[in-house]
Amino acid sequence: MNQITGSAKCSSYDREEVCRAVENAIEAAGGLPPLAGKKVLLKPNLLSDAGYEKAVSTQPEVLYAVGKLVLEAGGVPLIADSSGAGILYTPRVMKRVYQKCGITRIAGDLGITLSNETGSQDRAFPEGKVMKHFTVIDQACEADVIISVCKLKTHMFTQYSGAVKNTFGVVPGLDKPVFHSRFPDPADFSEMLVDLNELIRPDFVVMDAVVGMEGSGPMSGDPRHVGYILASKSVYTLDVTAQRLISMDPLRIPTTAAAAARGLVDPESVVTAGDAIIPLTDFVLPSTYSSPSRNTWFRRNVLRRFQTMGKYYAPAPVVKKEICVGCGQCVRICPVGAAAMKGQKASFDHRKCIRCYCCHEMCQYHAIEMKRSMAGRFLHMFLR
Ligand code: SF4
Ligand code: SF4
């Protein structure tokens, strides 16, 4: 079990500074695996075509810096991802995403040809805890080495999005909502994510934590300067460090809790090498997160009980009618048919809604807010 995260301060996305920080963080983490002659998949977080300026996707300069090191080590880099739930995984759609997220530009700078392939394969995983097989994009199946190049963000459903969550991008577009429907509880969904990471086993991970997303991530939060590049041989180890960096308790994050329960990480033993990590105590966490100082046994168990009765406690989507443009993306993505168009505006049936937050995640117009019922607000005041 690798428990080291390399860290390097990085104040901006200036190319030279990012290249230096990425190199330092990787070195502090123990270095990249041997890459000579190997096909190396660089897997960024390209949640949507909303672009990187709003901290939705991995900043392309970080991807450039990793790609440059792969080339220098004799590897053959390729870049691929499938965007968030409900975004089609087709050559035309991915071309637009790559363009808007700055990937086409940096691929040109690196001299890499972006593949138009959008095929996928079934991969059996009999040892999975909750999933015995996954459909995975071809590039992830065919690469010799996978380097995840993830983004530090909050997440309304899983509370945090970093290395473990980034691997979900190897599942092709429209397969993703099915998982939300099958695993409506964040704890179960996180077990699925850990299964997927154990199948894919990214060989190395680099995190863009120069500017992260705080608040209502992963799409509608606010960019926040954090100032680090992180690197590790373990997705679980890196996530623990990043969670501490934004003052989250790692064991309150369901992906890390699931990995820790399987012995894949021990948060107490994770160490940082390189520049010291100074936690941001005022990083705005998602409203679904409850702070460790209030995480008593009583609160945890009462909270779990009410989360099971999520309709009373968990925030539910409400459309901001003045902003909704009627694009219908939320209706297409909803795994249980709880979203519908009424006139030209979205509307949500809270009785059907399983609180997966896919609609909130994918609304590019930030026209969906998550609100608690009155009973939920009362419980939240008591439990948070
Ligand atoms: S709420 Fe957002 S995703 Fe849904 S129709 Fe309106 S603008 Fe589109
Ligand atoms: S309406 Fe509810 S179930 Fe449907 S996508 Fe939104 S949060 Fe998920």
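All heavy atoms count here, side chains included; hydrogens, waters and symmetry mates do not. Counting starts at 1 for both ligands and their atoms, following the listed order.
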> Is the backbone N or O of S216 less than 3.5 Å from a side-chain atom of S220, with the two atoms forming a donor-acceptor pair by type?
Replying inline: no
>> Quiz question: by atom type and distance under 3.5 Å, do the side chains of Y160 and D239 form a donor-acceptor pair?
In response: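 There is such a pair between these side chains.
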> Is there a side-chain contact between P335 and I354, using heavy atoms and a 4.5 Å cut-off?
Replying inline: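 A side-chain contact under 4.5 Å exists here.
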> Do T154 and P218 come close enough that some side-chain heavy atom pair is under 4.5 Å?
Replying inline: no
Ligand 2 atoms in contact with [X] (distance to a heavy atom under 4.0 Å):
X: C356; value: 3 (S), 5 (S), 7 (S), 8 (Fe)
X: Y357; value: 7 (S), 8 (Fe)
X: F348; value: 1 (S)
X: V336; value: 3 (S)

>> I'd like to know if atom 6 (Fe) of ligand 1 has an N/O/S atom from C363 within less than 2.8 Å of it, counting both backbone and side-chain atoms.
In response: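 For C363, the answer is no, given that no N, O or S atom comes within less than 2.8 Å of atom 6 (Fe) of ligand 1.
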> Hey, is A346 touching ligand 1 through its side chain, its backbone, both or neither, going by heavy atoms under 4.0 Å?
Replying inline: side chain
> Between F283 and R224, which heavy-atom pair has the shortest distance, and what is it?
Replying inline: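 Here F283 and R224 meet closest at CA-NH1, 3.5 Å.
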> Looking only at heavy atoms, what is the nearest atom pair of C330 and C359, with distance?
Replying inline: CB-CB, 3.6 Å
I need the nearest protein heavy-atom contact for [atom]: residue, atom name and distance, please.
atom: atom 2 (Fe) of ligand 2; value: C353 SG, 2.3 Å
atom: atom 8 (Fe) of ligand 1; value: C327 SG, 2.3 Å
atom: atom 5 (S) of ligand 1; value: G328 N, 3.3 Å
atom: atom 4 (Fe) of ligand 1; value: C330 SG, 2.4 Å
atom: atom 1 (S) of ligand 1; value: I368 CG1, 3.6 Å
atom: atom 6 (Fe) of ligand 1; value: C324 SG, 2.4 Å

> N/O/S atom of C358 under 2.8 Å from atom 4 (Fe) of ligand 2, yes or no?
Replying inline: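 For C358, the answer is no, given that no N, O or S atom comes within less than 2.8 Å of atom 4 (Fe) of ligand 2.
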> Quick check, are the ring centers of F157 and H180 under 6.0 angstrom apart?
Replying inline: yes
> Going by the atom numbers of ligand 1, which of them fall below 4.0 Å from some non-hydrogen atom of Y365?
Replying inline: 7 (S)
> Does I354 reach ligand 2, in the sense of a heavy atom lying below 4.0 Å from it?
Replying inline: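 Contact check I354 vs ligand 2: positive.
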> At what distance, to the nearest 0.5 angstrom, does CG of D208 lie from SG of C10?
Replying inline: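 D208 CG to C10 SG: 8.5 Å, rounded to 0.5 Å.
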> Measuring from D49:CG to I87:CD1, what's the distance to the nearest 0.5 Å?
Replying inline: 6.0 Å
>> What verdict does the salt bridge (charged side-chain N to carboxylate O under 4.0 Å, His left out) test give for R262 and D195, after you've listed the backbone C-alpha separation in whole Å, the side-chain angles of each residue and the deciding distance to 0.1 Å?
In response: CA-CA 10 Å; R262 296 193 204 185; D195 277 350; 2.8 Å; yes
